[in-house]
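Let me begin by presenting the structure, written as structure tokens, before commenting on it.
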Amino acid sequence: MAKKPENLSFEESLGELERIVTELEQGDISLDDALKQFERGINLVRHSQAKLEQAQQKVTILLQQDDTAPLSPYVVEGE
């Protein structure tokens, strides 16, 4: 059974996305399976995008010029 997208690392998500794209491009799967793979890919993209946004915010916080500014935890929408 495949891991949930939220349980995968960013790199694992990218690897799985590449596999899905290759499989869909070959066109050797049924329509039902193609739709399932497409849905999985969309979920992987969404979670990967959220991880990228979190990383971007962390970098922004670390690069702030005001060393006395208080840091606040990043809250992901929907959690």
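The structure presented is a predicted model; accordingly, all values stated were derived computationally and were not measured. The residues of the chain are indexed from 1 along the displayed sequence.
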How long is the gap from NZ on Lys4 to CZ on Arg40, to the nearest 0.5 Å? 10.5 Å
Mind checking the CD-CG spacing from Glu39 to Leu44? Nearest 0.5 Å is all I need. 11.0 Å
Out of curiosity, does Ile42 fall in the hydrophobic cluster containing Leu35 (side-chain heavy atoms, cut-off under 4.5 Å, transitive links)? no
Cut-off 3.5 Å, no hydrogens considered: what does the side-chain donor-acceptor table look like for residues 17-25, sequence neighbours left out?
residue: Arg19; atom: NH1; partner: Glu23; partner atom: OE1; Å: 3.0
residue: Thr22; atom: OG1; partner: Glu18; partner atom: O; Å: 2.9
residue: Glu23; atom: OE1; partner: Gln37; partner atom: NE2; Å: 3.4
residue: Glu23; atom: OE2; partner: Gln37; partner atom: NE2; Å: 3.3

What distance separates Glu16 CD from Lys3 NZ, expressed to the nearest 0.5 Å? 10.0 Å
Glu53 atom CD, neighbour heavy-atom count above 12 within 6.0 Å: yes
To the nearest 0.5 Å, what is the distance between CD (Glu6) and OG (Ser48)? 11.5 Å
